[in-house]
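A note on names: the letters A, B, ... follow the listed sequences, proteins ahead of strands, and every chain is numbered from 1.
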Amino acid sequence: MLIVTWNVNSLKARLARVTAWLEEVQPDVLCVQETKMTDAAFPALTFHEMGYEAAHFGQGQWNGVAILSKIGLNDVVANFATGEPDHEARIITANCGGISVSSVYVPNGRALDHEHYQYKLRWMRQLREHAAAVSSPEGKLVIAGDYNIAPDDRDVHDPAKLVGQTHVSDEERKVLSDLCAWGIRDVFRDHYSDGKLFSWWDYRGGDFHQGRGMRIDLMLATKSVADKTTWCGIDRNARKGEQPSDHAPVMMMVGE
DNA sequence: ATGGTGGCCCGGCCA
């Protein structure tokens, strides 16, 4: 079972690239972030014609998350399963082939002294409660998406340059490790210990071609799923060419 | 180099 997460940075702007990529790679499940559209505008029929059921939770011009699946899509929950209110569309959950899958777009944070940073920390703490509401550490759960947090210094190009900025602060890394401590882990790190393996590169300054990126798109899985993951990867080719997203798809293969 | 690019949708905001 191939499960993928991809922040597409506007599904409207990226639809042709997303459908071409789906045709080529044929993942079983695709978690999408930053669709930036309403539920009414979501191209569910386009995906259905390609063999995917789809569920979308959007709000309009910002945020928006979706799950596409060709192995079943049941028990869809928009927003936190705890019922905790959130004014932005950042998380959707569904059961796909027996695995509970959440597609998440964690708040960016903007700056350490910004109110949005506190929102980010609160949101991550809520995500831990959400995990406990939909699964147990012994269950089958994947929370995939754009966390806007680089787990450690291997996950950024130049740690020294980023001191004092978001994505790398101790507090952000702490709320991420607290989530993992509940009973979920970063499966990419089971398969790759090297640094400089990134999933996002700023559009500016030729950062992609200069290798200046971050690994902020993560797939966290409970033990029963993580232990059966045979392969992980990041499709850098999807960051190349005409009108790419600034994120690349991150993939995990779960065996049976 | 507090710039740069690209998405929202048309003036800045957000990433």
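Between the CD atom of A:Glu242 and the C1' atom of B:dG7 there is a distance of 16 Å, given to the nearest Å. Atom CH2 in A:Trp200 sits about 8 Å away from atom C1' in B:dA15, given to the nearest Å. The separation between A:Asn63 atom CG and B:dA15 atom C1' is 11 Å, rounded to whole Å. Residue A:Lys120 contributes atom NZ, which lies 15 Å from atom P of B:dC14 at whole-angstrom precision. Distance NE2 (A:His114) to P (B:dC13): 11 Å, rounded to an integer number of Å. Between the OH atom of A:Tyr203 and the C1' atom of B:dG3 there is a distance of 19 Å, rounded to whole Å. Distance, A:His209 NE2 to B:dG4 C1': 14 Å, rounded to whole Å. As rounded to whole Å, 13 Å separates atom C1' of B:dC13 from atom CD of A:Glu34.
To the nearest whole angstrom, the two P atoms, one in B:dC13 and one in B:dG3, are 14 Å apart. Spacing between B:dC9 and B:dC14 at atom P, rounded to whole Å, works out to 15 Å. Atom name P, nucleotides B:dA1 and B:dG11: the rounded distance is 34 Å, in whole Å.
Of the candidate nucleotides B:dC13, B:dG6, B:dA15, B:dA15 has the atom nearest to the side chain of A:Asn108. The nucleotide whose nearest atom lies closest to any side-chain atom of A:Gln61 is, among B:dA15, B:dC9, B:dG6, B:dC9.
Nucleotides of DNA chain B nearest to A:Asn7 and A:Gly60 differ in position, and the one nearer the 5' end is that of A:Gly60. Take the nearest nucleotide of DNA chain B for A:Gly205 and for A:Lys12: the residue whose nucleotide is more 5' is A:Gly205.
Note on A:Trp6 and A:Met1: same hydrophobic cluster, where clusters join Ile, Leu, Val, Met, Phe, Trp and Tyr whose side-chain heavy atoms are under 4.5 Å apart, directly or indirectly.
Listed for the A:Arg17 side chain is no donor-acceptor partner under 3.5 Å among the backbone atoms of A:Ser245.
When heavy atoms are screened at a 4.0 angstrom cut-off, A:Phe208 is found touching no nucleic acid atom at all. Across all strands, A:Arg212 comes closer than 4.0 Å to no nucleic acid atom at all (heavy-atom distances).
For the OP1/OP2 pair of B:dG3 and a distance below 4.0 Å, the side-chain nitrogens and oxygens of A:Arg204 include no atom meeting the criterion. Between A:Arg110 and the phosphate of B:dC13, there is no side-chain N or O to OP1/OP2 separation shorter than 4.0 Å.
What you find for A:Asn9 and A:Arg14 is that their closest heavy atoms are O-NH2, 2.8 Å. Listed here is the closest heavy atom pair of A:Val29 and A:Cys96: CG2-CB, 3.8 Å.
In A:Lys223, the NZ atom is not crowded: 12 or fewer heavy atoms of neighbouring residues, nucleotides or ligands sit closer than 6.0 Å.
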